Colleague: 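Have a look at this one before I ask anything.
All heavy atoms count here, side chains included; hydrogens, waters and symmetry mates do not. Keep in mind that this is a model prediction, so the values were computed, not measured. Chain identifiers are assigned alphabetically (A, B, ...) following the order of the sequence lines, protein sequences preceding nucleic acid strands; residue numbering begins at 1 within each chain.
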Amino acid sequence: MSAPQIPDNASVRAAALRAAIEQHNHAYYVLDAPTINDAEYDCLFRELQELETQYPALYTSDSPTGRVGAPPLSKFLPYTHRQPMRSLNNAFNTAEVHAFDERVRDRLEAAGIISSGARVGYAVEPKFDGLAVNLCYERGVFVAGATRGDGTIGETVTANLRTIRSVPLRLLLNNAPALLEVRGEVLMRKQEFLHLNAAQHAAGKKLFANPRNAAAGSLRQLDSRVSAKRPLFFCAYGVGEGGNALACDTHASQLAWLRQAGFAIASQSTVVNGEVELLEAYQKIASMRDELPCEIDGVVYKVNDLAAQRALGYVSRAPRFAIAHKFPAEEARTRVLDIEVQVGRTGAITPVARLQPVFVGGVTVSSATLHNEGELRRKDVRIGDKVRVRRAGDVIPEVCAVLLDERPAGAPPFVMPVHCPECGSPVEKGPEEAVARCSGAMICPAQLRETLLHFASRRAMDIEGLGERLVGQLVEHGMALSPADLYRLHMSQLAGLERMGETSAKKVLTAITASKHRELARFVYALGIRDVGEATARDLARRYGSIEALRLADCESLQKTPDVGPVVAQSVYRFFHEPHTSGALDALLAVGVSPTGAPASDGAALPLVGKQLVLTGTLPHLTRNDAKALIESAGGKTTGSVSTKTDYVVVGADAGSKLETARQLGLTIIDEAGLYELLHTDAPPASGG
DNA sequence: GGGCCTCGAGATCA
DNA sequence: CTCGAGGCCC
């Protein structure tokens, strides 16, 4: 079956329609100045759709017809940002802004970039409350987009981003670099959020809590046709890879370039000089906050001069040249219904206020940690008190203060329990310690539950299916008194538990058995040694190579591990010499847990594990066999035909029907370069290798 | 911490 | 249908 011949006039017409439609999209969705009425727009759109249906080969990835969504994905694939997406440090008051400006001036003076006493030029823009994404343009065409993820690797949500009308599918400037990353925020306007919720309500569906969550939820749909119906908006605020090629020397000129290229840019963006003007700009934006179409949670300041930015550089994950000046957290008043104490994995006793649910900062808060006894005393929170609550750093709910004049008469001060509420063991607190701890160790059901959960968690032994609910039941029924007991569980024991049918039981037992051979670093982390987190566990595993060697180490030796000082060394030494903990370790080894000496995988070792790939066409540098070998050495499989189980289709020149099938199934299609990207290796030099 | 999406499987009812 | 679990976002 051969494709119909495409007449020249059809491809010319299709290109013209695409350009026209995108021009109108830009006018309508970015400039907010429609150039055509809906009927006329629909007419153009339908004509293009018909052309593309008649001649499928005419379809291009930058066609606006793709904006209606594509067939659902089975999952989002990881996406490695070419330049990491960093986060910003925060300033919560003017003193912190002052300190920021001072640091910037000192460094720039020292670098000879500004003279003493000179004011620094800053680009100022509102900080929109949405989701950061990265858009990748190749030769001016939108080819991929991803969420921020951990800053290095995010999730590919290209199909969903394509449905956002304010994301240009093709840049309007033709001087775009071969590869350009555009960073910005996916948002939902307040008004459109209200409309969406009204529609959700009318359809009897769940309401979204706030515009940010609605935007995030919309972007995480596997079916981009759902995303297409959500009123999302994209606002660009910067560039990543390829930024240097724009020949801009300031941040403001980069934004201007982006605007010319077809992106929406925050219209409140300005450039100011020095700290005083920064704060004026902040006040101005703050005063407009309620009238702005989108929610903002602060103002971002960036050193405007790019050379100065480079000179300032980065500290750990955040740039030194920028800061987010956050608005004060919204506060609300509510009642303390109860004060509970929670027992953590290490026995730490944490008082938690149960609150009359209250909507604050976009979410419903019903509990807030009171941290520890000292904090609780200082604030003197009592049951029945009316309190002011807020979300600290816009995340964790916090009781800021008690409204004393509304305290119910006779409300007694809260006293920390002297016995653990879960196991009755004495609560102990060292003179220097801030936190009180239950001394019950593994006798305490709470500590045991948390220990088991930590042991099974994804970053530790990664036992899938062993969640809160199951662990709770295991502890309650005395089926697990230590992690080692997990490996002695039987079908017959699990069978009686709630929501535990044969299938689930089998799965979890298989997962438990499979966890016997985890990398040493995971095992060391899973043990839950005080002061040993993931990073330290990795360092210890690397230095000692086996659990036997590690447990024999003395404090002096331990301290030769990177970032391990006397305190951590002491904790590790203690763990291996205390009869309790040492015994639990022996028990684990006895039931057959045998950590492998290999270093913890950082995810880069075998990037294609469990992936199915199909090769089609002729790749530029690799023979079919070479490509197959590469894929297999990375843990992936290759198959001959395309199906819904296929993860990637690698296309080369003269690809045939497989490519067409892959398109219809909405599969991820990559080329040879894309394959190398998946493999996390560089492409070989052009002349073989 | 709270909200969101997705999946699989158990619970429930026709 | 609901629930638990896992994962991701700020």
Side-chain angles (χ1 to χ4, degrees), chain A residues 72-79 85 87-88 90 127-134 146-157 160 185-188 193 196-197 200 204-224 226-227 230 232 295-298 324 326 329 342 350 352-355 357-371 389-399 453 456-460 462-474 494-508 511:
Chain A
L73 275 46
S74 59
K75 66 191 154 183
F76 297 124
L77 297 169
Y79 181 98
M85 293 183 77
S87 47
L88 291 179
N90 291 325
K127 184 174 194 302
F128 289 113
D129 196 12
L131 279 86
V133 295
N134 184 23
T147 60
R148 207 187 88 88
D150 61 6
T152 306
I153 297 173
E155 286 184 314
T156 311
V157 288
N160 296 358
E185 202 84 354
V186 170
L187 304 160
M188 193 176 291
F193 162 73
L196 174 63
N197 257 0
Q200 292 282 111
K205 294 189 191 157
K206 270 193 63 192
L207 299 188
F208 292 101
N210 56 56
R212 198 198 73 74
N213 283 347
S218 302
L219 207 62
R220 292 193 50 75
Q221 297 283 343
L222 289 177
D223 188 347
S224 53
V226 178
S227 316
R230 301 282 172 78
L232 297 176
E295 293 206 330
I296 60 174
D297 58 0
K326 303 292 279 278
Q342 285 178 351
T350 310
V352 176
R354 296 285 160 215
L355 306 169
V358 61
F359 195 74
V360 54
V363 299
T364 305
V365 169
S366 49
S367 64
T369 173
L370 298 166
H371 297 109
V389 297
R390 68 173 174 203
R391 297 213 297 148
D394 266 348
V395 180
I396 296 156
E398 176 185 66
V399 170
L453 277 172
S457 68
R458 191 167 67 92
R459 313 190 82 96
D462 194 19
I463 304 176
E464 212 179 308
L466 197 59
E468 243 171 73
R469 187 66 194 226
L470 179 55
V471 164
Q473 292 187 74
L474 292 177
L494 294 180
L497 302 178
E498 279 171 62
R499 291 195 78 82
M500 212 10 93
E502 201 183 330
T503 326
S504 300
K506 249 186 210 153
K507 264 193 172 175
V508 83

Colleague: Would you kindly compare A/Glu498 and A/Phe76 by the position of their nearest DNA chain B nucleotide and give the one closer to the 5′ end?
Modeller: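 Closer to the 5' end of DNA chain B: A/Phe76.
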Colleague: A/Ser218 near the nucleic acid: base, sugar-phosphate alone, or nothing, with a heavy-atom cut-off under 4.0 Å?
Modeller: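 The residue A/Ser218 makes no contact with any strand.
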Colleague: Between atom CG in A/Asn210 and atom P in B/dG2, what is the gap in whole Å?
Modeller: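 One finds 14 Å between P of B/dG2 and CG of A/Asn210, rounded.
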Colleague: Using a 4.0 Å heavy-atom cut-off, does A/Leu207 contact any base of the nucleic acid, only the sugar-phosphate backbone, or nothing at all?
Modeller: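 If one applies the 4.0 Å heavy-atom cut-off, A/Leu207 turns out to touch the sugar-phosphate alone, with no base involved.
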Colleague: Taking C-beta and beyond as the side chain, do A/Glu185 and A/Val133 meet within less than 4.5 Å on heavy atoms?
Modeller: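 No, their side chains stay 4.5 Å or more apart.
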Colleague: Would you please confirm or rule out a distance under 4.0 Å between OP1 or OP2 of B/dT6 and any side-chain N or O of A/Gln221?
Modeller: yes
Colleague: Please state how far atom CZ in A/Arg212 lies from atom P in B/dC5, giving the value in whole angstrom units.
Modeller: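 So the CZ-P distance, A/Arg212 to B/dC5, works out to 12 Å.
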Colleague: If you check every side-chain atom of A/Ser504, which of B/dA9, B/dG1, B/dG3 has the closest atom?
Modeller: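 Nucleotide nearest to A/Ser504's side chain: B/dA9.
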Colleague: Which part of the nucleic acid, if any, lies within contact of A/Leu222, taking any heavy atom under 4.0 Å across all strands shown: a base, the sugar-phosphate backbone alone, or nothing?
Modeller: sugar-phosphate
Colleague: Starting from P on B/dG3, measure out to CD1 on A/Ile396 and report it in whole angstrom.
Modeller: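 Spelled out: CD1 on A/Ile396 to P on B/dG3 is 15 Å.
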Colleague: Under 4.0 Å, counting only non-hydrogen atoms across every strand here, what does A/Ala368 touch: a base, just sugar-phosphate, or nothing?
Modeller: nothing
Colleague: Counting just side-chain N and O atoms, does A/Thr364 come under 4.0 Å of either OP1 or OP2 of B/dG3?
Modeller: yes
Colleague: Report which part of the nucleic acid A/Gly130 touches: base, sugar-phosphate, or nothing (heavy-atom distance under 4.0 Å, all strands).
Modeller: sugar-phosphate
Colleague: For C/dG4, take OP1 and OP2 only and decide whether either is under 4.0 Å from a side-chain N or O of A/Arg469.
Modeller: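 The answer is yes; a side-chain N or O of A/Arg469 sits under 4.0 Å from OP1 or OP2.
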Colleague: Evaluate the side-chain proximity of A/Leu474 to A/Leu466: yes if any heavy-atom separation is below 4.5 Å, no if none is.
Modeller: yes
Colleague: If you take atom types as modelled and just measure distance, does the side chain of A/Arg499 reach the base of C/dC3 with a donor-acceptor pair under 3.5 Å?
Modeller: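 Result: at least one qualifying N/O pair found.
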Colleague: With a non-hydrogen cut-off below 4.0 angstrom, is A/Glu155 in contact with a base, only sugar-phosphate, or nothing?
Modeller: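 Touches sugar-phosphate only.
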Colleague: Got a second to check how far A/Leu187's CG is from A/Glu295's CD, nearest 0.5 Å?
Modeller: 10.0 Å
Colleague: Answer with base, sugar-phosphate or nothing: what part of the nucleic acid does A/Gly362 contact at a heavy-atom distance below 4.0 Å?
Modeller: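 Nothing: the residue A/Gly362, judged by heavy atoms under 4.0 Å, touches no strand.
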Colleague: What contact category does A/Val395 fall into here, base, sugar-phosphate, or nothing, at under 4.0 angstrom with non-hydrogen atoms?
Modeller: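 Base contact.
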Colleague: Could you state the atom-to-atom distance from CE of A/Met85 to P of C/dC10 in whole Å?
Modeller: 8 Å
Colleague: Nearest to the A/Asp129 side chain among C/dC10, B/dG8, B/dG2, which nucleotide is it?
Modeller: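 Looking only at side-chain atoms, A/Asp129 lies closest to C/dC10.
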Colleague: Please report, rounded to the nearest Å, how far the P atom of C/dA5 is from the CG atom of A/Leu453.
Modeller: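 That distance rounds to 9 Å.
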Colleague: By the side chain to side chain donor-acceptor pair (under 3.5 Å) test, which pairs, at least two apart or in different chains, include something from residues 205-222 of chain A?
Modeller: A/Glu155-A/Arg220, A/Ser218-A/Arg230
Colleague: As a test of reading the structure: which of C/dC8, C/dC10, B/dA9 is closest to the side chain of A/Thr147, going by heavy atoms?
Modeller: C/dC8
Colleague: Could you give the CE-to-P distance, from A/Met188 to C/dC9, as a whole number of Å?
Modeller: 17 Å
Colleague: Is any side-chain N or O of A/Lys75 closer than 4.0 Å to OP1 or OP2 of B/dT6?
Modeller: no
Colleague: Quickly work out the A/Lys206 NZ to C/dC3 P distance and round it to whole Å.
Modeller: 12 Å
Colleague: When the nearest nucleotide of DNA chain B is assigned to A/Asp223 and to A/Thr503 on a heavy-atom basis, which residue is associated with the more 5' position?
Modeller: A/Asp223
Colleague: Just so I know, are the side chains of A/Gln473 and A/Val471 near enough to count as touching, which here means a heavy-atom distance under 4.5 Å?
Modeller: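 Side-chain contact under 4.5 Å: no.
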Colleague: Looking at B/dC5, C/dG6, B/dG2, which one has an atom nearest to any side-chain atom of A/Glu464?
Modeller: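 For the A/Glu464 side chain, the nearest candidate turns out to be C/dG6.
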Colleague: Between C/dC8, B/dG3, B/dA9, spot the one nearest the side chain of A/Ala209, thanks.
Modeller: B/dG3
Colleague: What is the distance, to the nearest angstrom, from the CG atom on A/Leu77 to the C1' atom on C/dC8?
Modeller: 15 Å
Colleague: Can you check whether A/Thr147 reaches A/Phe76 side chain to side chain, under 4.5 Å on heavy atoms?
Modeller: no
Colleague: Once you apply a heavy-atom cut-off of 4.0 Å, does A/Thr369 come out as touching a base, just sugar-phosphate, or nothing?
Modeller: nothing
Colleague: Do A/Leu131 and A/Arg148 come within less than 4.5 Å of each other through their side chains, counting heavy atoms only?
Modeller: no
